[in-house]
Asks: 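Quick one: structure below, then a few questions.
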Amino acid sequence: MPIISPSLLASDFANLQSEVEKINNSDADWFHVDVMDGSFVPNIAFGLPSVKAVSKHAKKPLDVHLMIVNPDKYIDMFADAGAAYLTVHYEACNHLHRTLQAIKSAGMKAGVALNPHTPVSVLTNIIQDIDLVLIMSVNPGFGGQTFIKAAVEKVKELKNLIAEKQASTLIEVDGGVNTQTGAELVAAGADALVAGSFVFKSDDPAKTISDLKAL
Ligand code: DX5
Ligand code: ZN
């Protein structure tokens, strides 16, 4: 059974508390919160106060995905805001090892996201230090995009790398996930699935989450 992390980016922001309650009362495992700075990605979403507001009502861990430049500057602030997992982009970090250490010292699990064009092999020498790798199956910045199929192969490669290095890293995939793409990803070795539009734009989000959980 995969870990399911519904992305609040697709939720109704004017009714955020009730959207959070929907996830609390579902089979979902985590809350996926997308933080965008308008610089690393061409969109702006979820700042620190919004993460804190979610945290106040969330009864499951916050899986915070930072799509920002200079993530090091904000690590302690996201720990205070309630993040359990803090994921930075490989492409935004010049000193990834140091960044991961800082995330762990702040009491969080450390994640690394890879853009669609970034090969899994860049993580060969650091995989043992990573709690979670987030494979992007769309270009980060927006919900509702089409799944990039090459992500499935990347999940398989990553699974092999993790086994080879005897690491305990979780594999999460983000973008265009539905029951069909989700099934392919789970078969390839994904441990966790992020789903935004598929969950929140469905008639029955709790049922959609259960369908993903059953993959
Ligand atoms: C995209 C975000 C995703 C987004 C996924 O940059 O990282 O988490 O919410 O949305 P869907 O599931 O609609 O592709
Ligand atoms: Zn995300």
Side-chain angles (χ1 to χ4, degrees), residues 2-13 16 19-20 22-23 26 28-47 50-51 54 58 60-69 71 74 78 81 83-92 103 108-118 131-152 154-155 170-186 190-203 205 208-209 211-213 215:
I3 290 165
I4 305 300
S5 192
S7 170
L8 288 170
L9 189 64
S11 69
D12 177 358
F13 292 165
L16 196 51
E19 297 286 64
V20 168
K22 272 186 208 167
I23 305 306
S26 77
D29 300 275
W30 298 342
F31 285 87
H32 187 81
V33 187
D34 290 299
V35 177
M36 308 184 189
D37 66 355
S39 182
F40 182 73
V41 286
N43 197 5
I44 298 176
F46 280 100
S50 328
V51 177
V54 170
K60 302 173 186 210
L62 300 196
D63 162 34
V64 178
H65 177 191
L66 296 185
M67 286 161 272
I68 64 174
V69 296
Y74 306 98
F78 279 103
Y85 282 80
L86 193 67
T87 296
V88 295
H89 264 265
Y90 169 81
E91 301 83 7
I103 293 173
M108 298 173 285
K109 298 277 188 191
V112 177
L114 298 182
N115 274 338
H117 72 277
T118 304
D131 294 307
L132 174 144
V133 173
L134 182 60
I135 300 276
M136 292 307 300
S137 42
V138 296
N139 286 297
F142 301 92
Q145 302 180 79
T146 308
F147 182 77
I148 298 172
K149 286 196 168 62
V152 177
K154 287 174 81 173
V155 169
L170 292 174
I171 303 176
E172 185 176 40
V173 186
D174 185 7
V177 171
N178 53 38
T179 38
Q180 196 187 328
T181 55
E184 284 182 58
L185 293 165
V186 170
D191 303 295
L193 301 174
V194 176
S197 331
F198 188 63
V199 167
F200 284 101
K201 310 289 183 214
S202 72
D203 292 338
T208 305
I209 289 167
D211 292 346
L212 288 167
K213 192 74 193 160
L215 291 177

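Counting starts at 1 for both ligands and their atoms, following the listed order. Remember, it's a predicted structure, so these values are computed and weren't measured experimentally.
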Asks: Might you point out which heavy atoms bring Thr146 and Val138 nearest each other, and give the distance in Å?
Replies: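 Heavy-atom minimum between the residues: O-CG1, 3.5 Å.
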Asks: What are the atom names and distances for all N or O pairs under 3.5 Å between ligand 1 and the protein?
Replies:
{"residue": "ligand 1", "atom": "6 (O)", "partner": "Gly141", "partner atom": "N", "Å": "2.7"}
{"residue": "ligand 1", "atom": "7 (O)", "partner": "Asp34", "partner atom": "OD1", "Å": "3.0"}
{"residue": "ligand 1", "atom": "7 (O)", "partner": "His65", "partner atom": "ND1", "Å": "3.2"}
{"residue": "ligand 1", "atom": "7 (O)", "partner": "Asp174", "partner atom": "OD2", "Å": "2.8"}
{"residue": "ligand 1", "atom": "8 (O)", "partner": "His32", "partner atom": "NE2", "Å": "3.3"}
{"residue": "ligand 1", "atom": "8 (O)", "partner": "Asp34", "partner atom": "OD1", "Å": "3.1"}
{"residue": "ligand 1", "atom": "8 (O)", "partner": "Asp34", "partner atom": "OD2", "Å": "2.8"}
{"residue": "ligand 1", "atom": "8 (O)", "partner": "Asp174", "partner atom": "OD1", "Å": "2.7"}
{"residue": "ligand 1", "atom": "8 (O)", "partner": "Asp174", "partner atom": "OD2", "Å": "3.0"}
{"residue": "ligand 1", "atom": "9 (O)", "partner": "Ser7", "partner atom": "OG", "Å": "2.8"}
{"residue": "ligand 1", "atom": "9 (O)", "partner": "Asp34", "partner atom": "OD2", "Å": "3.2"}
{"residue": "ligand 1", "atom": "12 (O)", "partner": "Gly196", "partner atom": "N", "Å": "2.8"}
{"residue": "ligand 1", "atom": "13 (O)", "partner": "Gly144", "partner atom": "N", "Å": "2.8"}
{"residue": "ligand 1", "atom": "13 (O)", "partner": "Ser197", "partner atom": "N", "Å": "3.1"}
{"residue": "ligand 1", "atom": "13 (O)", "partner": "Ser197", "partner atom": "OG", "Å": "2.3"}
{"residue": "ligand 1", "atom": "14 (O)", "partner": "Gly176", "partner atom": "N", "Å": "2.8"}

Asks: Work out the angle at the Zn ion (ligand 2) between OD2 of Asp174 and ND1 of His65, rounded to 10°.
Replies: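 Answer comes to 90°, rounded to 10°.
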Asks: Which residue is it: Leu86, Leu66, Thr87? I am looking for the one with a side chain to side chain contact (heavy atoms under 4.5 Å, CB included) to Ile103.
Replies: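 It is Leu86, the one option of Leu86, Leu66, Thr87 that forms the side chain to side chain contact (heavy atoms under 4.5 Å, CB included) with Ile103.
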Asks: With Phe200 as reference, evaluate Thr208, Leu8, Leu9, Asp12 under the side chain to side chain contact (heavy atoms under 4.5 Å, CB included) test and give the passing residue.
Replies: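 With Phe200 as partner, side chain to side chain contact (heavy atoms under 4.5 Å, CB included) holds for just one option, Leu8.
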Asks: Who pairs with Ala92 by side chain to side chain contact (heavy atoms under 4.5 Å, CB included), at least two apart in sequence or on another chain?
Replies: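 Only Phe40, Pro71, His89 meet the side chain to side chain contact (heavy atoms under 4.5 Å, CB included) criterion with Ala92.
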Asks: Just by distance, no angles: are the side chains of Asp63 and His65 close enough, under 3.5 Å, to form a donor-acceptor pair?
Replies: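 There is no such pair (donor and acceptor under 3.5 Å, judged by atom type) between the side chains of Asp63 and His65.
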Asks: From the N, O or S atoms in Asp34, identify the one nearest to the Zn ion (ligand 2).
Replies: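 Result for Asp34 and the Zn ion (ligand 2): OD1.
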Asks: Checking side chain to side chain contact (heavy atoms under 4.5 Å, CB included) between Val173 and each of Val152, Val186, Leu185, which is the one that passes?
Replies: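 Answer after filtering Val152, Val186, Leu185: Leu185.
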Asks: Taking Thr179 for its side chain and Leu212 for its backbone only, find out whether a donor-acceptor pair lies under 3.5 Å.
Replies: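 Such a contact is absent between Thr179 side chain and Leu212 backbone.
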